[in-house]
Engineer: 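This is the structure I have questions about; it appears just below.
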Amino acid sequence: MHDLYAFVSGPLVWVAFIIFFGGSIYRLVSMAILAKKKDGVVFEYFNFKYALRSIFHWIIPFASTNWRLHPWMTIVTFAFHIGLIFTPVFLFAHIILIKESWDISWWAMPDGLADILTLVVIASCVFFFVRRQVLPEVKYLTSTSDYVILVLVALPFITGFWTYHQWPESTFMGILHILSGEVMLAVIPFTKLSHMLFFPITRGYMGSEFGGVRQAKDW
Amino acid sequence: MRKTLGLLFLFSFLAASLVGFSAYCQEDISFVGDSAFTERMRPSVPFLHDDHNEMANIEDCNECHHVWEDGKKLEWDSSEDKECSECHLSQESGDSDMDLIKAYHNMCKECHIGQKAGPVQCSECHIK
Amino acid sequence: MVDLDAWDWEVDKRMIADLRQWKEQFEHIEEPCVSPDGEKIAAVVQSGEMEFSVCENGTVWESPFDKVWYLRYTPDGRLVGLVSDTGTWTVAVDGEAWEETYDFVWNTQFSEDGKNITVAAQSGMEYFAVTNGTPWENKFSFMTNLAISRDGNHSAASVQTISISEGDIWSFRKGCFSVAVDGEPWDTNFVNVWEMDISADGRHVAAEVRTTIYDFTIAVDGKTWPETFQAVWKPKFSPVTTSVTASVRKNGVWVLMRDGRQIWDRSFVQLWHHVYNADGTKIAAIVAPKYGRWTMALDGVPWSLTFGDLVTDAVISADGRRVGCVGKENGVYFIAVDGIRWNDTFDMAWKPVFSSDSAYVAAKVEKNGRYFLALNGKFLGHGFKSLWDPVFSPDGKKLLVRGIEDGPDKEQYHRKVIKVSDILG
Amino acid sequence: MTESAEKIKKQFIDKGIEKGVEELTPEKIEKTINKILKSETGARFKAYVETCVHCGLCSEGCHYYLSHDKDPAFSPAGKVKQTIWEIVKTKGKVSPEFIKQACEIAFTECNLCKRCAMYCPFGIDVAYLMLTMRRICHMLGVVPQYICDTAHSHASTMNQMWVKDDEWIDSLIWQEEEAREEIPDLRIPLEKEGADIFYSVIGPEPKFRAQLIYQAAVIMNVAGADWTMPATPGWDNSDMCMFIGENEMMGRLKKSHFEAAMRLKVKRIVMGECGHAFRSVYDMGNRWLGWKMPPIPVIHALEFYHELLTQGKIKVAKKFDKAVTFHDPCNVVRGRGLHEMGREVTRAFTNELIEMHPNREQNLCCCAGGGVINCGPPFKMKRIDGDRIKAEQLFNAKSRGASTIIAPCHNCHGGLEDIVHHYGLGMDIKFLGDIIYECMEKPGASEG
């Protein structure tokens, strides 16, 4: 168990972060090179002002027409993404681990809040799961990989919650938590989770075309 | 359909597990403590000093109660008369609570991992 | 070519006509045109109720027409209009209508010496070209892209050789179009035939064609280049040989080819309107070295100066040493010569004109609704109401200026010959 | 769940598609698809395909989806799933039958209106993906017959309607004569070098709607505009080649159009009330040729009318006496933001403008654009069924008093006519130019 812990909390963390950051940079750079080569228009018409204008309307809940059309989805997806990003980054337990390793630290949220956000993320995953099952237009588009991704995202939160609350086998869950977190991080650049990387670009490009060329709104 | 059922099962199992168990307690324990810890984010760490040292085969006090000077651990000096926070949270060092916690964690975890014995995960020490 | 030496090159300024009088005389007068030598000015005028004629230097054509349009001077100074009477159309030259009439005529073209006049014509829904009143023997169900040789003795056009019913996309793809040269179609049919060029000796024709809906190439006298491309633009014959050059699109970029082989060593985002100098040794073209940036390239080497909006009116001096164009950046026009942009900006600029020794270059430009001359980068402050392209004397030392000057109570067309050295000081 | 979609699909037979598919082999399909994907698609294609998280939020953006009782097969991503995702997943190993379905989806179940780009949180451009599918179909020779024929007309005549060079000029001369009866000194100046404005129209105008050229000439003359029209090919700004993915021909058409204007040394191109043509000259054809923006400014009729009105060059003589509603065409509203200008002119010339909902950038498509109406009679009912939601939207405006629809786009006009007729809405459809012509002051006009 000690060796396993040392492995998952040591070298594997490095591996996960290297894959995540390296992979993300690779995806973004290779996409940029491809765009330069074959989609010159993306650079020609990209306009930061209009890109940001569009992005802002989409990262603020209810700021776009479609967010207003789907209030539940909007609430859940924003809560989910906030929980998904804020919880791991501002979790005290994570920060102290980083402090121990690299002697850097930042503001940590109260554990109670982290608990709530974790439940929000897990509940959102359940919501997304049910949505994929229940709404015909979503079900039609859903493939197995979408469920796998959902599980990959939910797993670190479930296991984290589990081990934090010290339910049975919490040591094992602790290992599983670290492992699943690393897997999730590592797959971001190479799965649908890469929408995290490409959102600003695809949205920004559409915003640029709409704002800069078409002189119309795109939200 | 089969895949979906399987996934559904997995989800319900995990959900049930969340609420199905409760924490357990230990008797006759004493805790790692430092007066600097006024607010506790996690439960105190149960620690039976003599049992631990016996089990871990530790004889020298300064194995844990160390004294450092100029970046070197003093072989013949020890600090069992002090609280950890006297050095690890001193005015001069400018340390924060975080650094004190870090000192504790590193002290325990590095040794445990090195010895392949003893608790290392959060939940193993900070028992509810 | 027209003999420029025969023109009056004495330095002077003469009033040819006062258009104010014309306006009083006629109900309605259209925009005038002037003869190449500047001696004459003419306009379509409404001479009565639904009755049109042409007024030239104050004299009206003897017989009026139901309609006159596309009034143009031949290079040798004859006045040509497309006219209709009682529902039929023909060509009128200096007021004399051709005897033959047609259901419609259009697209007037002149030989370089102005002797030959060719138009596209339609009669009974059949299409053909007519030169000096003589039509092609063969007629076609469809004709477009009429081109003539420099001497005007030959004409060619894209024609439909196989009729298809509307919606028959399958027959279309087998190829129903060809090139008719003096009315004789090539043996080969193509899916489409577009613009064409006739060699200097008038004996060969090169055209843009597509052999399938996906394959584009150049066909010379009915024979295609061995390779096909993603797209092609208008081919051109060398002015002295029978070799053909055209820009073609290969692998998403444009290159210049001669007789099927690439001649410039680099490709461009766009490459079109290539022009030859007099002896065919130099080629210049409008190019886009990168997306959205336009310039001129001489023998494959682009200028470092580029324009964002457009480059047009490519011109190369007869000796091939100098290249000019009109460029547009951020909505304003410039004249650029040899990679240098003239300082002044214009609302519009016309094709620059080189003197025969290429020492001077002049152009018509527009600013705030007035027209001006610009010479060797210098903008001449005297504005005209209307102005025609400047013409250099054969020795290149004088400039013919044809313009309408106006004031509160005048609108006079003047012919003026000035010394280039007087302007440049 | 796709039953309804399947049912609808089987009703339509198109010879262009059927015969094209007959000549396909799996090898040819695979080779062509991979060639296109490799040589012509790049980062946008990749990012759009890989970024879509299958959330279904684009669905509400599509009028086909809304009109087919929210059948997911008609959602934007649903259509991408049935076309692009499949060819990417199989690396081009799809059957001729698949191409047939994909062709029908890409050509007749998407108007490329880009409304869904405003519904997808990622701004994924489904219209671009559908155009890519159309491009593949074109390269495979599987294109609906009518639009294919139109593209052939473009290629042969540089106009959409097989209008021959002389027919074009003749119809202008004829319209000039007609209009002179009303305004005696009116002119349609042909080939006037150095004019301020080059006025361009679409092929159907000289062929079927010459009245629009007449009206434009009257408006130009009343406004005292210095304008011209070419007596050569290049007069037609429309472009069905763009909509079948025949990009090479799109480029040739736009070159012909812009060069006609450049040859005549005009300052700007003003175009009639057409939407797709605007898209073609404003951000499609020009780009293929290498012009970042149109080399000569292109002013859509809506903007031009607005300019004439605000500069006082045209004046309101009387107000249009019926309450109107304003249909926002995708290509000039989502495509150029002209919705407020259109409304200002409409308000000036009418007593009452009743908004339909949604409107402006959010307006629902006419279901005719993107080349769909040009796919002809075989797909007419598909268009009408595919836009029931538009009928509801129009009916709602009608119930609040609107009796005339202003549709400043030819395709919208055609599409809305079919919808109004089929659903028995009993509303008139007009171009904005019709209203201006009817209601403006015409100082030079003869009595009568």
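Because only heavy atoms are used, hydrogens play no part in the values below, and waters and symmetry mates are left out as well, while side chains stay in. Proteins get letters first, then strands, A, B, ... in listed order; numbering begins at 1 in each.
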Engineer: What are the two closest heavy atoms between D:Ile296 and C:Leu310, and how far apart are they?
Structural biologist: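 Of all heavy-atom pairs spanning D:Ile296 and C:Leu310, the closest is CG1-CD2, 4.2 Å.
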Engineer: Of the backbone (N, CA, C, O) and the side chain (C-beta and beyond), which part of D:Arg187 lies under 4.5 Å from a heavy atom of chain C, both, or neither?
Structural biologist: side chain
Engineer: Which bit of C:Phe307 comes within less than 4.5 Å of chain D, counting heavy atoms only: side chain, backbone, both or neither?
Structural biologist: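 Nothing of C:Phe307, per the 4.5 Å heavy-atom cut-off to chain D.
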Engineer: Determine the option with the most heavy-atom pairs under 4.5 angstrom with chain C, choosing from D:Thr232, D:Asp185, D:Asp170.
Structural biologist: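 Between D:Thr232, D:Asp185, D:Asp170, the count favours D:Asp170.
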Engineer: Could you check which of D:His138, D:Met293, D:Glu177 has the highest count of heavy-atom pairs closer than 4.5 Å to chain C?
Structural biologist: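 Of the candidates given, the most pairs with chain C belong to D:His138.
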Engineer: For the candidates C:Gln230, C:Glu30, C:Gln160, C:Gln122, which exhibits the highest count of non-hydrogen atom pairs separated by less than 4.5 Å from chain D?
Structural biologist: C:Glu30
Engineer: Side chain, backbone, both or neither: which part of D:Lys15 has a non-hydrogen atom closer than 4.5 Å to chain C?
Structural biologist: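 Both parts, backbone and side chain.
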Engineer: Can you tell me which portion of D:Arg252 sits under 4.5 Å from chain C's heavy atoms? Options are side chain, backbone, both or neither.
Structural biologist: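 Backbone plus side chain of D:Arg252, per the 4.5 Å heavy-atom cut-off to chain C.
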Engineer: Walk me through it: do D:Glu248 and C:Tyr214 pass the test side chain to side chain contact (heavy atoms under 4.5 Å, CB included)?
Structural biologist: CA-CA 9 Å; D:Glu248 299 76 14; C:Tyr214 313 112; over 6 Å; no
Engineer: So which of C:Glu366, C:Met143, C:Lys290 has the biggest tally of heavy-atom pairs under 4.5 Å with chain D?
Structural biologist: C:Glu366
Engineer: How close do C:Asp168 and D:Asp149 get, counting heavy atoms only, and between which atoms?
Structural biologist: N-OD1, 4.3 Å
Engineer: Can you tell me how far apart CE (C:Met125) and CG (D:Asp166) are? Round to the nearest 0.5 Å.
Structural biologist: 6.5 Å
Engineer: Under 4.5 Å heavy-atom distance to chain C, tell me which part of D:Ser156 shows up: side chain, backbone, both or neither.
Structural biologist: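 Answer is both: backbone and side chain atoms of D:Ser156 are under 4.5 Å from chain C.
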Engineer: Taking side chain as everything from C-beta outward and backbone as N, CA, C, O, which of these in D:Ile173 sits under 4.5 Å from a heavy atom of chain C? Side chain, backbone, both or neither.
Structural biologist: side chain
Engineer: Examine whether an atom of C:Val311 lies under 4.5 Å from a heavy atom of chain D, and if so say whether it belongs to the side chain, the backbone or both; otherwise answer neither.
Structural biologist: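 For C:Val311, the contact with chain D is made by the backbone alone.
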Engineer: For chain D, which candidate among C:Tyr333, C:Trp69, C:Tyr371, C:Trp233 shows the most heavy-atom pairs at distances under 4.5 Å?
Structural biologist: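 Maximum pair count with chain D is reached by C:Trp233.
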Engineer: Examine distances only and state if a side-chain atom of D:Gln145 and a backbone atom of C:Gly167 form a donor-acceptor pair shorter than 3.5 Å.
Structural biologist: yes
Engineer: Looking at D:Lys164 and C:Ser141, would you say the former's side chain and the latter's main chain have a donor-acceptor pair under 3.5 Å?
Structural biologist: yes
Engineer: Applying salt bridge (Lys or Arg N to Asp or Glu O under 4.0 Å) to C:Arg210 and D:Glu246, what does each step give before you reach the verdict?
Structural biologist: CA-CA 13 Å; C:Arg210 61 172 176 173; D:Glu246 195 175 12; 2.7 Å; yes
Engineer: At their closest point, which heavy atom of C:Phe104 faces which heavy atom of D:Ile169, and how far apart are they?
Structural biologist: CZ-CG2, 3.6 Å
Engineer: I'd like to know which of D:Ala231, D:Gly141, D:Pro189, D:Gly194 tops the heavy-atom pair count under 4.5 Å against chain C.
Structural biologist: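 Looking at each of D:Ala231, D:Gly141, D:Pro189, D:Gly194 in turn, D:Gly141 comes out on top.
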Engineer: Nearest 0.5 Å, what's the OG1-CZ distance between C:Thr312 and D:Phe258?
Structural biologist: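 Result: 13.0 Å between the selected atoms.
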Engineer: Which bit of C:Asp309 comes within less than 4.5 Å of chain D, counting heavy atoms only: side chain, backbone, both or neither?
Structural biologist: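 It is both, since atoms from each part get that close.
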Engineer: I'd like to verify something: which residue of C:Lys351, C:Arg249, C:Met50 has the highest number of heavy-atom pairs under 4.5 Å with chain D?
Structural biologist: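 Top count of heavy-atom pairs under 4.5 Å with chain D: C:Arg249.
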Engineer: Within the structure provided, determine whether C:Arg173 and D:Cys148 are in side-chain contact (heavy-atom separation under 4.5 Å).
Structural biologist: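 In contact.
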Engineer: Given D:Met262 and C:Lys328, is the side chain to side chain contact (heavy atoms under 4.5 Å, CB included) satisfied, shown in steps?
Structural biologist: CA-CA 11 Å; D:Met262 284 153 78; C:Lys328 184 178 166 219; over 6 Å; no
Engineer: Within the side chain of C:Gln270, is there an N or O that forms a donor-acceptor pair under 3.5 Å with the backbone of D:Leu289?
Structural biologist: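 Looks like yes, one N/O pair under 3.5 Å.
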Engineer: Picking from C:Tyr127, C:Trp89, C:Tyr70, which has the most non-hydrogen pairs under 4.5 angstrom with chain D?
Structural biologist: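 The candidate making the most pairs under 4.5 Å is C:Tyr127.
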Engineer: Among the options C:Asp103, C:Val105, C:Asn145, C:Asp313, pick out the one with the most heavy-atom pairs lying under 4.5 Å from chain D.
Structural biologist: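 Ranked by heavy-atom pairs under 4.5 Å with chain D, first place is C:Asp313.
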Engineer: Identify which part of D:Pro294 has an atom lying under 4.5 Å from any heavy atom of chain C, answering side chain, backbone, both or neither.
Structural biologist: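 It is neither, since no heavy atom gets under 4.5 Å.
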Engineer: Relative to chain D, which segment of C:Thr212 carries a heavy atom at a distance below 4.5 Å: side chain, backbone, both, or neither?
Structural biologist: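 C:Thr212 has no heavy atom closer than 4.5 Å to chain D.
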Engineer: Just wondering, more than 12 heavy atoms not from D:Tyr146 lying within 6.0 Å of its OH?
Structural biologist: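 Counting neighbours around OH of D:Tyr146, 12 or fewer heavy atoms of other residues, nucleotides or ligands fall under 6.0 Å, so no.
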Engineer: Looking only at non-hydrogen atoms, find the nearest pair between C:Val269 and D:Gly290 and report the distance.
Structural biologist: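 Answer, listing the atom of C:Val269 first, then D:Gly290: CG1-CA, 4.2 Å.
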Engineer: Non-hydrogen atoms of chain D under 4.5 Å away: do they reach the side chain of C:Val44, the backbone, both or neither?
Structural biologist: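 Contact with chain D involves no heavy atom of C:Val44 at all.
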Engineer: Hey, could you give me the CD1/NE2 distance between C:Ile213 and D:His152, rounded to the nearest 0.5 Å?
Structural biologist: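 So the gap between those two atoms works out to 5.0 Å.
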Engineer: Students often mix this up, so state it plainly: with edges at 30° and 60°, are the rings of D:Trp288 and C:Trp254 parallel, tilted or perpendicular?
Structural biologist: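 Ring orientation, 0 to 90° scale: perpendicular.
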Engineer: Would you mind checking which part of D:Glu40 comes under 4.5 Å of any heavy atom in chain C, side chain (CB onward), backbone (N, CA, C, O), both or neither?
Structural biologist: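 For D:Glu40, neither part sits under 4.5 Å from chain C.
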Engineer: Mind checking the CG-NZ spacing from C:Asp347 to D:Lys265? Nearest 0.5 Å is all I need.
Structural biologist: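 Between atom CG of C:Asp347 and atom NZ of D:Lys265 there are 13.0 Å.
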Engineer: Do side-chain atoms of C:Trp194 reach the backbone of D:Ala155 as a donor and acceptor pair under 3.5 angstrom?
Structural biologist: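 Checked: pair present.
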Engineer: So what's closer than 4.5 Å to chain D heavy atoms on C:Phe268: side chain, backbone, both or neither?
Structural biologist: neither
Engineer: Would you check if C:Trp106 and D:Glu191 make a side-chain contact, meaning some heavy-atom pair closer than 4.5 Å?
Structural biologist: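 A side-chain contact is absent here, since even the closest heavy-atom pair is not under 4.5 Å.
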Engineer: Below 4.5 Å from any heavy atom of chain C, which atoms of D:Glu176 appear? Answer side chain, backbone, both or neither.
Structural biologist: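 It is the side chain, since no backbone atom gets that close.
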Engineer: Of the backbone (N, CA, C, O) and the side chain (C-beta and beyond), which part of C:Ala349 lies under 4.5 Å from a heavy atom of chain D, both, or neither?
Structural biologist: backbone
Engineer: Evaluate whether atom CD of D:Gln311 has more than 12 neighbouring non-hydrogen atoms of other residues, nucleotides or ligands under 6.0 angstrom away.
Structural biologist: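 Yes, CD of D:Gln311 has more than 12 neighbouring heavy atoms, counting only those of other groups under 6.0 Å.
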Engineer: Determine whether the side chains of C:Trp350 and D:Glu193 contain a donor N or O and an acceptor N or O closer than 3.5 Å.
Structural biologist: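 C:Trp350 vs D:Glu193: donor-acceptor pair found between side chains.
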Engineer: So what's closer than 4.5 Å to chain C heavy atoms on D:Met158: side chain, backbone, both or neither?
Structural biologist: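 The answer is the side chain of D:Met158.
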Engineer: Side chain, backbone, both or neither: which part of C:Glu208 has a non-hydrogen atom closer than 4.5 Å to chain D?
Structural biologist: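 Only the side chain of C:Glu208 comes within 4.5 Å of chain D.
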Engineer: Test side chain to side chain contact (heavy atoms under 4.5 Å, CB included) on C:Trp294 and D:Lys292; report intermediate values, then the result.
Structural biologist: CA-CA 10 Å; C:Trp294 296 82; D:Lys292 190 173 171 182; over 6 Å; no
Engineer: Could you tell me the separation between the CE atom of D:Met249 and the CG atom of C:Asn192, rounded to the nearest 0.5 Å?
Structural biologist: 5.5 Å
